[in-house]
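Report on one structure; see the data block that follows.
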2 protein chains.
Amino acid sequence: MRRDELLDAAEALLQDQGAQALTLAAVAERAGVSKGGLLYHFASKEALVKGMIERLIADFDALIEAQGESTYTRSYLAATFEAVETGRLRRWAVVTGAAGDPALLAPLREAMARWMRQGLDDEPDPPASQIVRLACEGVWEVATHCAAIIDFAAVRARLLALL
Amino acid sequence: MRRDELLDAAEALLQDQGAQALTLAAVAERAGVSKGGLLYHFASKEALVKGMIERLIADFDALIEAQGESTYTRSYLAATFEAVETGRLRRWAVVTGAAGDPALLAPLREAMARWMRQGLDDEPDPPASQIVRLACEGVWEVATHCAAIIDFAAVRARLLALL
DNA sequence: GCGAGTTAACCGTCCAGACGGTACAGTAGG
DNA sequence: CCTACTGTACCGTCTGGACGGTTAACTCGC
């Protein structure tokens, strides 16, 4: 679908040129589309950013689901490392793009609340699970800024040991 | 110093209205200063944002130093919770403000590398320390988006237990 | 099977407004 | 006289968005 290519272009642009490079003209050019064509799919810049956020959340939820681990925390852990190591799901880019208007981040706040709480009380050691999930957030955060710092395999093994 | 008040105003503006509200005119008005007055201290918007980043890093480094715990990780942990719980050091706001131009985030990347690595190998259990530091990042990240999710005291106790 | 009508997908141009930044004259305090 | 501003006027650029085409595929009556 063409819509997804436009979102890809916007993400890529954010990733390597930052938020102020995210203009309708630049996104259109990067996607090989005219500005009018872009506006056909997304009626406004706000709609474009909203689309990025929604896709990010949906994709990550799907990635968690696809892991099929025994607990939500284990799936969340696996999904985080897959997302970070493959470089798909450029959360940092998407989020900074949306940070211009805090209201656009509301869905992400909601999703984050879910990611931190879902199934937590049904797990063997809830506090440990919470620590692991928080560390996953940290991994994502640190990895997007300077990936070289972390030894993914080691951290992952240690986090699994905590559960 | 008036310079700090201008940085405060810029931070506050970012915090509750987002990055696109960070205009020279708006910062000046919030600080009770004319636009000319703002430009007297910061020759350009870029200089303003750079100032915010540098102050954030310096303040957090000072906060870590001030904890005087037995290891860097312990101090880092204590500093993180102090920063998050008191609401001082609005990192999220500062960072999103700077995310317009990725180059401005370079000092932060550098600082983050330091925060994740410094003294790590001298500590009793380096992998555990790394997990704790990553979880601190997660706490900061999650807390700034939706503080209600986390029971700070419980998480903190558990992280200390890991060390 | 063909012309007419419809719709989806897109193009290229234009414009009003916002924003960063400049210039400059003035001024209150020390 | 200097520092630290204030206030106003202004400029050039960029940007979001509106708008009026255009093309191509598809549908449907006849």
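In this text, all values refer to a predicted model and were calculated from it rather than measured experimentally. Hydrogens, waters and symmetry mates play no part in the numbers below; they use all other heavy atoms, side chains included. Reminder, nothing fancy here: chain letters follow the sequence lines and each chain counts from 1.
At C:dA9, none of the side-chain N or O atoms of A:Arg2 fall inside 4.0 Å of OP1 or OP2 (strictly under the cut-off). The shortest distance between the side-chain N/O atoms of A:His41 and the OP1/OP2 oxygens of C:dC10 is below 4.0 Å. Phosphate contact (OP1/OP2 of C:dC10, side-chain N/O of A:Tyr40, threshold under 4.0 Å): absent.
Straight-line distance from the CD atom of B:Gln17 to the P atom of C:dC19: 12 Å, rounded to whole Å. Atom CG of B:Leu38 and atom C1' of C:dG20 are 11 Å apart (whole Å). If you measure from atom CZ of B:Phe42 to atom P of D:dA4, you get 13 Å, rounded to the nearest angstrom.
Nucleic acid contact for B:Thr23: sugar-phosphate only, since backbone atoms but no base atoms lie under 4.0 Å from a heavy atom of the residue. Note on A:Leu48: nothing from the nucleic acid sits closer than 4.0 angstrom, heavy atoms only. B:Leu39 comes within contact range of at least one nucleobase, with a heavy-atom separation under 4.0 Å.
Ring geometry, B:Tyr76 versus B:Trp115: the interplanar angle falls from 30° to 60°, so the pair is classed tilted.
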field: Pair A:Arg158-A:Asp151, salt bridge (charged side-chain N to carboxylate O under 4.0 Å, His left out): steps then yes or no
entry: CA-CA 11 Å; A:Arg158 191 75 183 211; A:Asp151 177 349; over 6 Å; no

Trace of the salt bridge (charged side-chain N to carboxylate O under 4.0 Å, His left out) decision for A:Arg114 with A:Asp61
CA-CA 10 Å; A:Arg114 213 173 55 237; A:Asp61 277 333; 2.2 Å; yes

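Within 3.5 Å, no donor on the side chain of A:Lys35 pairs with an acceptor on the base of C:dG12, nor the reverse.
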